[in-house]
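What follows is a set of notes on a single structure, which appears directly below.
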Amino acid sequence: MKQQMTKSETASRRQSLALARYFRVLPLLACFAAPLQPLTAQDEAPVQPPAAKPRAISMTASRPGVFSTAAADGQVEISASGISLRTAGTVSRSLHLQWAGAGNGQEGIPAARRGTAAPVGREKDVALVRTDGIIESVQVNERGADQAFEIHHAVTRRGEDLVLYQQVETSLAPELGQVRSLGGLTYYEADQPMVHYGPAVARDAAGREIPVEMQQEPGRINLVVDGGWLDDAQYPVRVESPLLLLGDVKFIPPPPPPYYSAPISRVQLKLITAGVSNAGTDDNVLASLSDNNSTYLDYGRDDFESGDVFTYDLSLEGIQTMSDIKRLRISKSGTNGWCIRSLTLFVNGKALYSTDFGLSGRWLDNNNGLDYRILYLDEAEIKRSLSTWGSPMPAQQTSISRSELESRIESMVGDYIAGNDLSWGKIYGRAVEVSPASLSTVHVDLDLILRQALLPDPEVDVDFDIEFQCINNKLAMATKNVKAKVDYPLWFDILTISSTGMPLSQFLGSYLSGEFSKSLSALNFYNTQGQLACPAFSVMGDGSVQLGAPVR
């Protein structure tokens, strides 16, 4: 009987707490130990977030271990110590939230306080590992920031509430006394609401949601997730809460500079793999410059070995001007971790962005249930040095070297074969070999193999010609005489084999030359009258293409 009564009392208390959290009825809150302040007008009508979804604001690594916004009228800063929100102008607003731990709330001290790792930029937010199984993430927008705690496994025992502790430092006046609320907490200056934190909600992997109680104590805010709800939750669980600026202040990013419209003819990515143990990988690596652009980094070599230094050409699909570069996203598949020592992004032969992760490097891996196989640099970060980088175009390109031709063809072929049964094969010399064929044509030889499950992999020798042309006063190229030879005489036509939806014949015959021509069209030449005109061009004995003054 005593055990039944205890369960009944526990169920009754949970029901009372749930009613209090949903309806904020004062008599039911008496079960809490801390005294409560009377509800104010602001409590009865909590501040609502804007109806329109705020625009996202980019975060950049402004200095080691710190991400911040680039907005001119204020700043959100993310570091290992927490979130800082500051505004500029005649009205100054400052609020800092610092992680203090997680626990069941009964002992009065955090049960987990580990985790002081530096912030890591992800595709849409900045993440901080706060403790084993808990990651804090922050996404900034023009109205403030969206904070979330990603909880990957149970932290408390069954039936116990989970409390996320945060210390608060602010120049604003908080709501008086100890406050418990489902509608969030408001901070004031001279009786005017300035910043609103909340309301908070918990959501599990199955899509179940529950409001999260926000407890304000002197110098601290606690987010309390109901233990009964957690008992049935599917992990990971996210606790989300907005941090909103009130009034007419917004974080507005500065307008893009005029050189964002500069044309792009080539983009390269130099990658150095760290020299630490097991730093190399055999997994597929993908680089992306926008939602409509990506390149599998696969050359006819052993890529991404420990200590490896190599520069890859990137696809220009969807990339015509500087404004089209929206990010640098490097990701890998598989479970064979990879450690990057440094990277440099080149545009038209000039270094646009570079970062060094030190001797220990930056790991792309998935361990202990956490997936960090993506390195994400947003537009603001990769273009932060654009003002000192200058014009993206050289004074005038006078030649296209054989090595550039080979690298760009190798990049496009490597990206293509990443999706089918072809692979780089037994390399005889260079994987892609360019040689002169005529004054306007180069010959290209590829060494590939066809991967087979039951038979030996046959060698596939692919040959084709590239003819340089002038189309609409622009330098262009066309692929001709595509041929493929297979080791086995009875093997069916290799040109029909593809799992990407694009046969090899189509890829070499139209796609490769079409994409290459788009990049060549960025090389503008003008005659003596200042009119756009095609340059004189000639294939040299080493396979390079010499470019001269336009023909009158």
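Because only heavy atoms are used, hydrogens play no part in the values below, and waters and symmetry mates are left out as well, while side chains stay in. Residue numbers run from 1 in the order of the sequence given.
A ring pair (Phe, Tyr, Trp, His ring centres under 6.0 Å) check over residues 309-333, counting only residues at least two apart or in different chains, returns the pairs Tyr299-Phe310, Tyr299-Tyr312, Phe304-Tyr312, Phe310-Tyr312.
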Between Ile400 and Leu520, is the side-chain contact (heavy atoms from CB on, under 4.5 Å) condition met? List the steps.
CA-CA 10 Å; Ile400 303 173; Leu520 294 178; 3.6 Å; yes
Run the numbers on Lys332 and Asn366 for side-chain contact (heavy atoms from CB on, under 4.5 Å), then give the verdict.
CA-CA 10 Å; Lys332 62 173 289 295; Asn366 55 330; 5.6 Å; no
Residue pair Phe464, Val462: steps toward the side-chain contact (heavy atoms from CB on, under 4.5 Å) verdict:
CA-CA 7 Å; Phe464 59 96; Val462 181; 4.3 Å; yes
As a quick check of understanding, evaluate side-chain contact (heavy atoms from CB on, under 4.5 Å) for Asp282 and Asn336, giving each step before the final call.
CA-CA 7 Å; Asp282 293 324; Asn336 185 201; 4.2 Å; yes
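Residue Leu375 holds its CG atom at 6.0 Å from CG of Leu364, rounded to the nearest 0.5 Å. In this structure, CG in Leu314 is found 8.0 Å from CD in Gln268, a value given to the nearest 0.5 Å.
Using modelled atom types, one finds a donor on one side chain and an acceptor on the other under 3.5 Å when comparing Ser84 with His96. No side-chain donor-acceptor contact under 3.5 Å links Arg362 and Thr355. Side-chain contact of Ser290 with Asn292: a donor-acceptor pair under 3.5 Å is absent, judged by distance alone. Looking at Tyr235 and Glu150, their side chains never bring a donor and an acceptor atom within 3.5 Å of each other. Gln147 and Glu240 share no side-chain donor-acceptor pair at under 3.5 Å. In summary, the side chains of Ser294 and Ser288 do not present any donor paired with an acceptor at a separation below 3.5 Å, with no hydrogens or angles considered. Between the side chains of Asp465 and Asn481, at least one donor-acceptor pair of N or O atoms lies under 3.5 Å. Residues Ser333 and Asp283 have side chains that never bring a donor and an acceptor to within less than 3.5 angstrom of each other.
The backbone N or O of Leu297 lies less than 3.5 Å from no partner atom in the side chain of Thr295, so there is not a single donor-acceptor pair. No donor-acceptor pair closer than 3.5 Å links the side chain of Glu136 to the backbone N or O of Leu128. Between the side chain of Asp125 and the backbone N or O of Val140, no donor-acceptor pair lies under 3.5 Å. At least one donor-acceptor pair under 3.5 Å links the side chain of Asn293 to the backbone N or O of Glu317. Counting only distance, with no hydrogens or angles, the side chain of Ser407 and the backbone of Ser403 share no donor-acceptor pair below 3.5 Å. Listed for the Ser544 side chain is no donor-acceptor partner under 3.5 Å among the backbone atoms of Met540. Proximity of a side-chain donor or acceptor of Asp324 to a complementary backbone N or O of Thr321 within less than 3.5 Å is detected. Formation of a donor-acceptor pair under 3.5 Å by the Arg329 side chain with backbone atoms of Leu289 is not found in this model. Not a single donor-acceptor pair under 3.5 Å links the side chain of Thr273 to the backbone N or O of Ser306. Ser331 contributes no side-chain N or O that, together with a main-chain N or O of Arg373, makes up a donor-acceptor pair within less than 3.5 Å.
Look at Lys326 and Asp291 and you find no salt bridge, because none of the NZ, NE, NH1 or NH2 atoms lies under 4.0 Å from a carboxylate O. A salt bridge links Asp313 with Arg266: at least one charged nitrogen is closer than 4.0 Å to a carboxylate oxygen. In summary, Lys485 and Glu459 do not engage in a salt bridge, as defined by a charged side-chain N under 4.0 Å from a carboxylate O. A salt bridge does not link Glu379 with Arg327: every distance from a Lys NZ or Arg NE/NH1/NH2 to an Asp or Glu carboxylate oxygen is 4.0 Å or more. Classification of Asp447 and Arg430 as a salt-bridged pair fails, no side-chain N sitting under 4.0 Å from a carboxylate O.
In this structure, Trp424 and Val432 approach most closely via the heavy-atom pair CH2-CG2, 3.8 Å. Taking every heavy atom of both residues into account, Leu532 and Lys474 meet most closely at CD2-CE, 3.8 Å. Scanning all heavy atoms of the two residues, the minimum distance from Ile449 to Gly425 falls at CG2-CA, 3.3 Å. Between Phe516 and Ser519 the shortest heavy-atom distance is O-OG, 2.7 Å. When all heavy atoms of Phe525 and Pro550 are compared, the pair lying nearest together is CB-CG, 3.9 Å. Considering all non-hydrogen atoms of both residues, Ser79 and Val66 come closest at CB-CG2, 4.1 Å.
Considering only heavy atoms from C-beta on, Val444 comes within 4.5 Å of Ile409 through its side chain. Using a 4.5 Å heavy-atom cutoff, the side chains of Ile330 and Leu269 are in contact. In this structure the side chain of Phe346 never reaches within 4.5 angstrom of the side chain of Val267, judged on heavy atoms.
Partners of Tyr296 under the ring pair (Phe, Tyr, Trp, His ring centres under 6.0 Å) rule, at least two apart in sequence or in another chain, do not exist in this structure. Partners of Phe468 by ring pair (Phe, Tyr, Trp, His ring centres under 6.0 Å), not counting sequence neighbours: none found.
Around atom CG of Asp542, more than 12 heavy atoms belonging to other residues, nucleotides or ligands sit under 6.0 Å away. The environment of Gln98 atom CD is dense: over 12 non-hydrogen atoms of other residues, nucleotides or ligands sit within 6.0 angstrom.
Between Phe149 and Trp99, the distance separating the two ring centers is shorter than 6.0 angstrom.
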